Every structure is written in C-alpha cells, then in structure tokens.
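Given the structure is predicted, the values throughout are model-derived calculations rather than measurements. Atoms within each ligand, like the ligands themselves, are counted from 1 in listed order.
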Amino acid sequence: MREQMEAGEATATLLRTNKPEGFDCPGCAWPDKKHTSTFQFCENGAKAVTWEATTKRVPPTFFAKNTVTSLLAWSDYQLEDQGRLTHPMVYNAQKDIYEAIGWDEAFARIGEILRGMANPDGVEFYTSGRASNEAAFLYQIFARELGSNNFPDCSNMCHEATSVGLPQSIGIGKGTVSLDDFDHCELIIAMGHNPGTNHPRMMGTLHEVARRGAPIIVFNPLRERALERFADPQDPLEMATLGSTPIASTYLQVKVGGDAAALKGIMKALLEMDAAAGPNSTILDHAFIRAHTNGFEALAADLHATTWSAIVAISGLSEAELRAVADAYAKSNATIVTYGMGMTQHSMGTQNVQQIANLLLLRGNFGKPGAGICPLRGHSNVQGDRTVGITEKPTAAMLDRIEKTFGFRPPATHGHDAVAAMQAIVDGRSKALLCLGGNLAVALPDPEACLPAMRRLELSVHVATKLNRSHLLTGKHSFLLPCLGRTERDMQASGPQAVTVEDSMSMVHASRGKLTPASEALRSEPAIVAGLAAATLPNSRVPWMELIADYDRIRDAIESVFPDFQNYNERIRHPGGFRLPLPPTERIWNTPSGKAEFLPFHGLEEDPTRTDPTILKLTTLRSHDQYNTTIYGLDDRYRGVFGRRDVVFMNEADLAALGIQEGDEIRVETAFGQGQERCLSKVIAVAYKIARGAVATYYPEGNCLVPLDYIDKASGTPSYKSIPVRVSRADRQAHS
Ligand SMILES: Nc1nc2c(c(=O)[nH]1)N[C@H]1C(S)=C(S)[C@@H](COP(=O)(O)OP(=O)(O)OC[C@H]3O[C@@H](n4cnc5c(=O)[nH]c(N)nc54)[C@H](O)[C@@H]3O)O[C@H]1N2
Ligand SMILES: Nc1nc2c(c(=O)[nH]1)N[C@H]1C(S)=C(S)[C@@H](COP(=O)(O)OP(=O)(O)OC[C@H]3O[C@@H](n4cnc5c(=O)[nH]c(N)nc54)[C@H](O)[C@@H]3O)O[C@H]1N2
Ligand SMILES: [Mo]
C-alpha cells in the first residue's frame, strides 16, 4: 500500500475483520463466495477501501487557498490524493473559488435553477456505478418527476453492448452463471478482461478451476501475467514456497478487434466437425437448437461462406489454433465464457457479445450446471443501478408501475445515454448536468470537445466523495455535494441504515458502513437525492423525507415498481441476500419469439474499408494502480512498468518495422483520414508481448485519440478499444 494512503487504525482493523453484515467492497462487482472477509486477501479491494477511508481532508480552507483555475493544472492523481470532501461547496465565479454553503441553501438554489429551466429535456442525470440501489432508484424517480429521461451512466461506456446485445440473444442483458457454476464447469473461455488487476477476487475462482485441471483458454492481445500464472494468497503452500499455478491452459494473442473472427472460426470448425461426425453427432446440441433457438440455418450459411484465410488474417490466429479451441469446446459438457471491456468497447461490441452467445447456444450451454455467459461488470453496483431503473429507454411497464406507486405520469420519450448527453452539452441543447458520482468528462472520449463544453453549462452538480477534474470544469452555477462512502455509518431518523447492491451474478445483498464519517457535514447519497428532489419539486407526489427516514421504505417502493424484488426487505436480511430471477437459467427466453436467437456478425471486422497496412490498432487499458479515472499510483506491477504512465506498448516486430527502439519518444496519431487531428505525444515506446499490429496505452490518457462519435452504433458504447492509429518517432515527420 502506498504511503499516500494514510489509513487510520480503525480502517486497518475494519479491513481485517469485515464480516457478512459489513459493507460491500467498492472495488469490483465479482461476488464473494461466502460473504466473508475479502479485503485481507484482495490487494486492489483494499486499495479502493483505503482510498475512500483516508484520513486526508479537503475542507473549505483548501478551496479558499486554491483557485479552480490553479487546481485545473494539477494531475488527476494529485486532485484525488487531497482526500475527502467535507462540506457542500458552491462556485464563486468572481473569485474563481469554491466556497462553503449550507445544505438547505444549496438545495434551494439548485432547485430554483432547475425549476427555471424551460425544458427538462435539457437536464442530464449521470450515474456512476458506485451508487446503491436506494440512491439510484430515488435519483431516477426525481429525474422522471422533473420530466427528464436523460440517464447517461457509466454502463454506457462499459457493458452497454451486453445490456443491448444479450436481451436480443437470450432475453436478458445480464450474465447467467453463479459462483457455483465455476465449481462444475469443464472449460472456461476468457475473452478481453484482465482479472489480476480489475477483478482480483475472480483470480481465486480461476485458480481453483485451473487446479482441478479444467482448461482455461484466454483470448487477449496482451500477455497479462495473472492470466498466465497466479499465486493465490489464500493458498498457504503457494505462499510458503513462492510457487504459483498456471491459469491459462492456452493463451491466444488475438488481434485487437479480431475476436468476432476468432469466434466465427471456432463455430465454423465446430460445424465442420459436426458434419463429419454423421447424423447422430453430438458435437452440436441439435435437440437444444431445435427446441430453443431461431436462426441456426442463417448462421450456418454465413459460416460456410466465410473463408479460413479471412478468419486467420483478421483474428491473427492460425486455423490450427482455432480448430484446437473448437475441439476443447466440443469435449466440454459445461462451458463458461467470461468477457470484459476487450469485447464490448468496440464499434461492433454488441455483435461481439452476440457471437459469444451464439457459440454457447450451439452446445446448449445455458440452463445447465457449470455453463453460461459471464460478463465481468465494472463498478460494484453498476448492474444494480440498471435493475432499479437507471435507463434512458424506460419500458411502458416500468412507467405504469411508477405512476401506480407515486401518482405521477413520467415522460415516455427516450432520453440520452452518456455519449448523447455529452453531445447535447457540446451542442448547447442540454444546460444542466447532475452527477451521482463519477468523473464523466474525463471518462468519456474526446476531452477536446468535452472539457470546454462542461464550462458552458448553466448548472453542474456533483455528488462526490473526492475532488476530480469534472468538478473543476465549472459552469455558470456549480455545486459540490459531499457524500458518505460505502465504508461509513449512515444514520437517519429511524437509526443506522443499510443500503443494497447487486453483484455481477445478480445477487442482491445489504451493505452497511461502520466507520465514522469523514466529516460531520456529510450526507448519504439517498438523503442528498431526496433533498435535491424535495427542493426542486415543491408539489412532488413522492414523500421524499419519509423515504429517507427509513430505507426499508425506499426498498418497499422499489419492490412496488420492480416485482422481481418481492419481499425485498425480508430477503436482504438473510446473510448473502438473494438472487434476482434469470430466466435463461431455466431455458426461458424473454425474446419476442420466445426462443434464443442466433444473431449475425456481418463480415469479420469492425471496419473492412480500413486496409492501409501502416495503420495499427490502439486499445486503452487500466494499470494495476488505478480505479478508472482515479489514479492511485504510477506503477503497473504485473506489466513491469514502474513510476510512469506515459508508455505505449508495442510488438517488437512493429517497432522494428517503424524504426523505433524501445525507450524512444513517440507520437501516436488517430488515422481517420479526415477531420480533426488527434495526437498523443511525449510517450515512450515499450516492447511488449502484444499481438502484431496492436498498440496499447493507458486510459484516460488515450482518450484524446478517440472522437466522441466513434461508437458502437447498436449500443452507443465508445470504441475505446479499437482506434486506428499511426505511430512514429517523435523526432521524425509523421506519416502523411
Ligand atoms: N483495480 C481496478 N478494478 C477495476 C477497475 C479499475 O479501473 N481498477 N475498473 C472497473 C470497471 S468500471 C470495469 S468496466 C472493469 C474493467 O475490467 P477489464 O475489462 O479487465 O478492463 P480493461 O483494463 O479495460 O482491460 C481489458 C482487457 O482486454 C484486453 N483487450 C484489449 N483489446 C482487446 C481486444 O480487442 N480483444 C480482446 N480479446 N482483448 C482485448 C486488454 O489487453 C486487457 O487485458 O474493472 C472494474 N474493476
Ligand atoms: N479510454 C477509455 N476510457 C474509458 C474506459 C476505457 O477502458 N478506456 N472505460 C470506461 C468505463 S468501463 C467506465 S465504467 C467509465 C468510468 O467512469 P466514471 O464512473 O464516471 O468514473 P470513475 O473514475 O469511476 O469515478 C471516480 C469518481 O467517483 C467519485 N466517487 C468515488 N466513490 C464514490 C461514492 O461512493 N459516491 C459518490 N457519489 N462518488 C464517488 C469520486 O469523486 C471519484 O473521483 O470510464 C470509461 N472510460
Ligand atoms: Mo466500467
């Protein structure tokens, strides 16, 4: 743990003793096996908790000393490292500083500005995935009662391809496996995620699977060390002997953006094996395909028409390698495919996800033990926020039930997702932005467009724990509202409160903070949302203050709007909580046809028109010492980078072809042919075990290379992981 993270003694004790009734780890969305102590063993979970529970503070005197303009020159790391926000603050444009303001006055002023807006469509309600179910639910009710369906959220930059793609394939936009399935699976195919850093608790599971001899096939352009070998800190023998277990049985360095081609290759091989095995073949699950799916013939025809030479060229993998995966897949009676941002953040991200579903459907890998699809969600409650109604495309059923519960009719027109919201701010159509956590302007692509646009807002309101750059992009009226973190005690009129969250596997459970709040002035996220709503909507039909007095009442309202939460309050009182319904696990498909659908990926690549061999493909990554836009430190231990982030990972052969030596200063330019020039400069080339033609750099630094409208059209997700670029030595003229 870095010395900057000065955890108090209370935090240290807490990390050692967290028990089932404690708080949910804000680190990631992977479930806890027994809901017991995690933090002792998970380095990055401990970082997340310690970062929140720091003893450093950002009081009003800090802002009195530092103008907003001067703070904008600080790094993202320096800003958050100042510690926890302690008081509500309002921006004073004349003095260019944030000044303390009372809660009631802040709410009243924000309410007045919001009421004065001619058009509620011009108000954006951003949610980052840390918010609890209770906070997120109240937030969406507030927005809809005001008249807005604009719900940009972090999921739009993350797993939206899953939320859009999987309902079309299998009738629900979530993963279908539980932790128990990992005890029964016979094969795992892991695509485009880096669990050693981003889902460290998953490493324990992968370690167990590897130890019992089930194959794990990895598709990743980079050799990620924890996917190659991993020492489980919970294994006394490995710890004592400094040994480790190989994780991947096969490691396939697919090209960036080559996954759909690889999946089509595996499926093509499978079909060929099936045909060769004759009429009674069990290579494909024909009975399942007949009873439960549509679209098989079209899929098969497309695969037959696809040539191996094209598959090999675009995936970067050999026919033999892909046939070997098909072989292993055909032998496995229960397969899980896990995937992350390496699959979703592409211009064909939605179709990528659907190819995974196709592969699983071919052998009936839904609704049986040890099988299914496993998207690795990002923020610890990003999935829950969506479940309780953070969506810009509300269903009629949900709107009806909101009306029945609260007595107002919410608007039905679809609102903005994250990119559309920022586009509306850039164009001046949207004038107000409320943020329930997060760092929207830095997380989105295209800082050159986003950062100045934030300064043109009439109103920006940030509910936050720590200071970040988005807070400093002040508009005409800007407010910082500091909230309690997960780890802290939440006292309301009826006593201490627990909130609830949903993990990656649809398990809902309670989270109760224990630490003394960082400042007496902090309020909980639900209380801040309710305060804003009550002040903005004097004639509201929602009993905001009653709901806040006892969060059981918020959960009763959630249950009334979302029937899947029946007996919510009773069921979260069981240790470990409860699981939300997942129809595909019972082979029930909530698609329009009532069947699971094989869905096409036309062609093999994202942009077949881009054939220039001098163009490389850039992907953006998280380092080991960061949580999204929060930079904890400058090391990326597993990748062997220390003390810096200004690096670009490249294949040695690509470096040689470009006449670049490791350590040279280089320049990376977006290669879209026309339009604005985008360049990442003052970066250093690092030779790395990365697929030929692939280049990688860190997020958010790489965002300057991505245009705001470079998205997956089906889901609106920015294509952060497939940016065409040209690389050159800094002292040379760039390619033209
Ligand atoms: N410590 C820590 N934990 C986190 C986070 C964090 O920042 N820090 N962030 C949280 C959030 S919000 C999220 S969404 C998750 C993110 O978790 P991940 O999905 O693991 O996130 P990334 O770092 O973006 O890594 C993507 C991986 O995909 C690979 N990749 C890149 N391009 C491609 C491609 O074209 N094909 C394939 N097959 N692979 C590719 C990269 O090499 C890398 O290993 O983690 C969550 N947990
Ligand atoms: N190039 C590139 N860009 C990316 C990605 C990528 O892989 N590549 N990944 C994308 C993904 S997957 C995501 S999810 C987004 C992340 O986008 P966001 O969710 O917007 O960003 P974070 O960095 O997680 O937000 C950090 C801030 O949240 C606040 N915060 C922390 N804890 C709490 C809390 O408990 N309550 C409240 N109210 N606030 C809190 C703090 O002020 C902190 O500064 O970025 C996206 N951007
Ligand atoms: Mo994410």
At less than 4.0 angstrom from any non-hydrogen atom of Met341, what atoms of ligand 2 do you find? 12 (S)

Within reach of ligand 2, part of Thr629 (heavy-atom separation under 4.0 Å): both

Pick, from Tyr699, Tyr627, Trp30, the option with the minimum heavy-atom distance to atom 4 (C) of ligand 1. Tyr627

Subset of ligand 2 atoms that lie under 4.0 Å from at least one heavy atom of Asn468: 27 (C), 42 (O), 43 (C), 44 (O)

Is the gap between the ring centers of Tyr627 and His379 under 6.0 Å? yes

Could you tell me whether some N/O pair between Asn194 and ligand 1 is separated by less than 3.5 angstrom? yes

Out of curiosity, is His159 lining ligand 1, as in a heavy atom under 4.0 Å away? no

Under 4.0 Å to a heavy atom of Gly437 - the qualifying atoms of ligand 2, by number: 37 (C), 38 (N), 39 (N)

His624 to ligand 1: N or O pair under 3.5 Å? no

If the cut-off is 4.0 Å to any non-hydrogen atom of Cys154, which atoms of ligand 2 fall inside it? 14 (S), 19 (O)

For atom 28 (O) of ligand 2, what is the closest protein heavy atom, and at what distance to 0.1 Å? Gly438 N, 3.1 Å

If hydrogens are left out, which of Asn198, Thr630, Asn628 has an atom nearest to atom 9 (N) of ligand 1, that is, the closest non-hydrogen atom? Asn628

Which atoms of ligand 2 have any heavy atom of Cys483 under 4.0 Å away? 36 (N), 37 (C), 38 (N)

Are any of the N/O atoms in Thr465 less than 3.5 Å from those in ligand 2? yes

Side chain, backbone, both or neither: which part of His199 has a heavy atom under 4.0 Å from ligand 1? side chain

Any N/O of Gln345 closer than 3.5 Å to an N/O of ligand 1? no

Check whether any N or O atom of Gly378, backbone or side chain, sits under 3.5 Å from an N or O atom of ligand 1, and answer yes or no. no

Kindly identify the option in Asn220, Val254, Leu618 whose heavy atom sits closest to atom 42 (O) of ligand 1. Asn220

At under 4.0 Å between heavy atoms, what of Arg486 touches ligand 2? The answer is neither

Close-contact set for ligand 2 against Asn439 heavy atoms, below 4.0 Å: 18 (P), 20 (O), 21 (O), 25 (O)

Using a plain distance cutoff, I'd like to know if Asp259 has any nitrogen or oxygen under 3.5 Å from a nitrogen or oxygen of ligand 1. yes

